[in-house]
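Working notes, structure below.
Ligands are counted one by one from 1 in listed order, and the atoms in each one are counted from 1 as well.
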Amino acid sequence: MSAINRPTGHQTSATVDSAFLKACRREPVPHTPVWFMRQAGRSLPEYRKVREGIAMLDSCMRPDLVTEITLQPVRRHKVDAAIFFSDIVVPLKAIGIDLDIKPGIGPVVEQPIRSRADLDRLRALEPGDVEYVTEAVGMLTAELGATPLVGFAGAPFTLASYLIEGGPSRNHEHTKALMYGDPELWAELLDRLAGITSAFLKVQIEAGASAVQLFDSWAGALSVADYRQSVLPASVKVFEAVAGYGVPRIHFGVGTGELLGAMGEAGADVVGVDWRVPMDEAARRVGPGRALQGNLDPAVLFAPREAMERKARTVLDEARELPGHIFNLGHGVLPTTDPDALTRLVEYVHTETAV
Ligand code: 1CP
């Protein structure tokens with residue numbers, strides 16, 4: 001067995017031997033494991049029902065709701081892993097940043113962070129700030145049995161973008177203005193965010209998460225030179241901070257085809273690939289020693305069944321030679337996706353790859 005996934009206090013041998021964790025370790029699997037980014041959420045009627053009248057951030061702070069919402073897609077789709085229901089901005093809210101998740105928009109920060117004085121608002125995250133996360137992860141690992149739980153956090157660059165822009169951004173102009181204009185302040189900001197992200201991941205791992213994913217969703221907005229110089233060091237710091245736990249670390253961003261080589265160096269065990277680069281080409285760019293996760297275009301779920309299966313077959317074919325492949329979408333499930341299409345996709349991948 002490789003160094004990752006020594007059984008921890010929380011993990012049974014059934015979890016450690018699950019197809020998902022085996023694939024993360026690049027060991028032979030009984031079938032290609034599959035889960036979906038954003039598998040919990042608005043595509044599911046049972047999610048919309050339990051969320052009725054409850055604000056997004058409030059729901060993230062209620063362990064009973066977090067447990068129920070995290071389990072919903074596992075029950076319905078028979079996916080090979082659960083992803084913890086939370087949001088990348090939860091740890092920022094927990095240290096007192098005045099932000100909200102607005103329906104139809106996403107995270108909105110009341111007073112953006114743009115100056116040295118603003119940095120003081122970014123204090124370190126203590127486990128006591130997110131006790132509801134510890135409690136929810138504990139409840140989940142008890143309920144999930146052999147199904148592994150993936151914890152997650154936002155990567156320093158993607159969090160910085162929300163904090164600096166004040167909300168979702170297409171061009172990240174204020175973020176890049178700070179990055180180019182005040183490299184010292186930028187480096188300090190990313191370093192603090194790396195600390196917060198590491199602490200948030202540690203809380204989830206110590207409570208029983210079997211793997212963690214670092215979402216650097218918007219890193220694809222950067223050139224590889226800027227990524228290497230201004231972003232990679234902070235992400236390296238996060239992966240190093242959680243390396244000692246021996247749980248697989250997954251690294252994902254959107255539009256990152258040109259960055260896959262650099263992201264492969266950040267230290268993760270698994271690199272997530274969006275749909276723009278075929279899996280075999282992605283493997284060449286990432287280099288040896290990493291498993292890959294991906295990469296069906298989420299929009300393919302809207303096509304007729306035969307077309308969807310053809311596209312999924314292509315992903316499987318392109319990933320055939322990889323020592324470790326976790327089937328996923330190239331980005332999150334789109335909110336208006338037919339949930340039955342997701343269930344059929346899980347069945348298809350399992351049937352096609354069963355040995
Ligand atoms: O009321 C609602 O239902 C709000 C929609 C929603 C949901 C369901 C948001 C707002 N966040 C979430 C949960 C969430 N967020 C999960 C858990 C669910 C699952 O994966 O099954 C996860 C992993 C996230 C992570 C997240 N939040 C990312 C990284 C993943 C990605 O899609 O790239 C990002 C960028 C966010 C910010 C965010 N939160 C919510 C929205 C709509 C957004 C994106 C806004 C934007 O476009 O910038």
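- Here the options are Lys311, Arg313, Arg305, the test is side chain to side chain donor-acceptor pair (under 3.5 Å), and the partner is Glu309; only Arg305 passes.
- From the protein, the heavy atom lying nearest to atom 27 (N) of ligand 1 is Asp87 OD1, 2.9 Å.
- Scanning the protein heavy atoms around atom 2 (C) of ligand 1, the nearest turns out to be Arg51 NH1, 3.3 Å.
- The protein heavy-atom contact nearest to atom 18 (C) of ligand 1 is Ala40 O, 3.6 Å.
- Asp80 and His31 share a side-chain donor-acceptor pair at under 3.5 Å.
- Ring pair Phe152/Phe200: centre-to-centre distance not below 6.0 Å.
- The backbone N or O of Val224 lies less than 3.5 Å from no partner atom in the side chain of Glu258, so there is not a single donor-acceptor pair.
- The closest side-chain donor-acceptor pair between Asp64 and Thr67, if any, does not fall under 3.5 angstrom.
- Ligand 1 lies less than 4.0 angstrom from a heavy atom belonging to Ser86.
- The protein atom (non-hydrogen) at minimum distance from atom 31 (C) of ligand 1 is His331 NE2, 3.1 Å.
- Side-chain N or O atoms of Asp226 include none that pairs as donor or acceptor with a backbone N or O of Ser223 at under 3.5 Å.
- The closest protein non-hydrogen atom to atom 38 (C) of ligand 1 is Pro107 CD, 3.5 Å.
- A heavy-atom separation below 4.0 Å is found between Tyr47 and ligand 1.
- Listed by atom number, the atoms of ligand 1 under 4.0 Å from Phe215 heavy atoms are 23 (C), 29 (C), 30 (C).
- Close to ligand 1: Trp218, with a non-hydrogen atom less than 4.0 angstrom away.
- Using a 4.0 Å cut-off between heavy atoms, Ile105 contacts ligand 1 through its backbone alone, with no side-chain atom that close.
- The protein heavy-atom contact nearest to atom 29 (C) of ligand 1 is Ser217 OG, 3.3 Å.
- Of all atoms in ligand 1, numbered sequentially from 1 with element shown, those under 4.0 Å from a heavy atom of Ile101 are 10 (C).
- Looking at Lys202 and Tyr245, their side chains come closer than 4.5 Å, going by heavy atoms from C-beta outward.
- Atoms of ligand 1 found under 4.0 Å from any heavy atom of Ile83 (numbered from 1 in listed order, with element): 19 (C), 20 (O), 21 (O).
- In this structure, the protein non-hydrogen atom closest to atom 48 (O) of ligand 1 is Tyr162 OH, 2.4 Å.
- Nearest protein heavy-atom neighbour of atom 26 (C) of ligand 1: Arg38 NH2, 3.3 Å.
- Side-chain contact annotation: Tyr180 with Trp186, donor-acceptor N/O pair under 3.5 Å absent.
- For the residue pair Gln39 and Gln72, no side-chain donor N or O sits within less than 3.5 Å of a side-chain acceptor on the partner.
- Phe157 has its side chain out of reach of Leu193: every pair of non-hydrogen atoms, C-beta onward, lies at least 4.5 Å apart.
- Heavy-atom distances between Pro168 and ligand 1 reach below 4.0 Å in at least one pair.
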